[in-house]
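See structure below.
In listed order, ligands and their atoms are each counted from 1. By convention here, the first residue in the shown sequence is residue 1.
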Amino acid sequence: MTPTQRTRTYWLEHAWLDTHVEPGVALEVTDGTLTAVRTDVGTPPPGAEILRGLTLPGLANAHSHAFHRALRGTVQVGSGTFWTWREIMYSFADRLTPDTYHALARAVYAEMALAGITAVGEFHYVHHAPGGTPYADPNAMGEALIEAAAEAGVRITLLDTAYLSSGFGQPPNVHQLRFSDGSADAWAERCSLLKERDHARIGAAIHSVRAVPADQLATVARWAAERGAPLHVHLSEQTAENDACRETHGCTPTRLLADHGVLGPRTTGVHNTHLTDEDIALLGGSGTGTCMCPTTERDLADGIGPAVALQAAGSPLSLGSDSHAVIDLLEEARAMELNERLRTRTRGHWTAAALLRAASADGHAALGRPEAGTLETGAPADFTTIALDTVRTAGPLPRLGAETAVFAATGADVRHTVVAGRHVVRDGVHTLVPDVPQALARAVADLRS
Ligand SMILES: [Zn+2]
């Protein structure tokens with residue numbers, strides 16, 4: 001994306017300043033960065049862009065598989081488990097090409113911008129042509145995603161994912177051949193060709209302990225460490241994975257990752273659902289983050305992870321829409337709290353401020369952007385405005401805007417999204433992708449046919 005090359009002023013009717021709602025705030029933006037934040041600005045300065053409602057730092061979607069969006073609404077009939085859902089998911093993965101994936105991801109990332117998301121962590125594992133033959137550009141699929149994010153006006157951290165085996169000691173199955181580079185060394189060689197750019201960071205991922213053999217985990221961890229890059233891993237989403245890991249290695253997946261140097265403050269475990277007390281201590285004690293994906297976890301009947309205990313042990317929390325059954329970070333934030341209420345039959349596990357931090361600053365940090373997620377001088381000019389005058393949000397006092405945003409608003413209440421100083425969503429309309437619903441419908445139809 002091309003940042004705005006001149007100074008522009010935004011006047012915020014209300015702004016979330018990490019701890020409280022502040023009325024009348026002026027932001028100055030130069031070259032995509034916040035260069036001044038002034039409070040007590042009762043009336044909009046001349047020439048300022050006026051943002052009515054509550055402006056939050058841009059939201060971070062820390063876990064995405066863009067192509068799963070094609071499954072929305074198609075896997076809700078009949079019984080089943082994560083594993084039966086996965087078979088249908090693979091049937092869509094089989095059909096992706098760099099062109100169709102670009103079209104779908106552009107539409108999905110535009111949907112994210114409409115929901116106030118300014119950065120996405122794309123956990124990307126569909127690397128090669130069906131059967132496993134590399135494309136002429138071995139990163140054609142990853143490049144398609146990076147380009148799609150640019151066209152949709154959002155930042156991306158491409159978490160290029162090592163996926164080498166079907167299960168412990170099992171080669172990739174027919175669907176998974178296109179995910180595999182053959183070895184962690186070959187994965188690293190391909191990833192090293194990817195270049196960062198203004199809107200795109202490159203990170204690493206281990207699909208799971210079942211998809212990367214134990215003796216190759218350290219190669220992926222080392223690649224990320226050498227670059228100071230984020231490293232994500234699906235962790236203990238399913239009890240079957242825990243059982244198979246114990247059978248093969250005599251330990252939990254978390255212990256296996258710890259023993260191979262995967263845990264640490266740049267690492268994020270995604271889901272972290274079925275953990276032992278020792279696992280929680282290992283994750284928290286090493287500063288490894290936790291990305292909760294509550295709408296996906298409930299959609300796939302995964303279970304409820306111990307997010308309260310993880311955070312108390314030292315694991316920062318982030319949020320992701322993962323399978324995109326819905327794309328709404330406000331819903332993810334409130335679902336984390338509401339799940340905990342149902343489980344414990346008590347309320348108030350997180351404040352709205354803490355939930356917004358997970359949806360923003362800590363999510364951006366998990367994606368290798370610790371400078372983002374706050375409205376402070378020097379931060380990137382990434383922010384989103386929630387309308388406080390819709391049927392869902394009208395009524396509460398503006399000073400309760402954070403509670404209103406987290407516990408009542410939806411992505412449909414997002415009025416503006418600004419990324420690197422550029423107005424990507426204005427008055428609820430995407431400025432770069434003219435008709436997002438139509439773009440989604442076309443891209444999904446192309447994959448169905
Ligand atoms: Zn996932």
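Thr290 and Ser315 share a donor-acceptor pair across their side chains, judged by distance under 3.5 Å alone.
Looking at Asp322, its N, O or S atom nearest to the Zn ion (ligand 1) turns out to be OD1.
Electrostatic pairing of Arg341 and Glu337 counts as a salt bridge here, judged by a charged N lying under 4.0 Å from a carboxylate O.
At least one N/O/S atom of His63, from backbone or side chain, sits under 2.8 Å from the Zn ion (ligand 1). Look at His234 and the Zn ion (ligand 1): an N/O/S atom of the residue is under 2.8 Å from the metal.
Counting only residues at least two apart or in different chains, salt bridge (Lys or Arg N to Asp or Glu O under 4.0 Å) contacts with residues 115-137 are absent.
Residues satisfying the side-chain hydrogen bond (donor to acceptor under 3.5 Å, both in side chains) test with Thr254, not counting sequence neighbours, are none.
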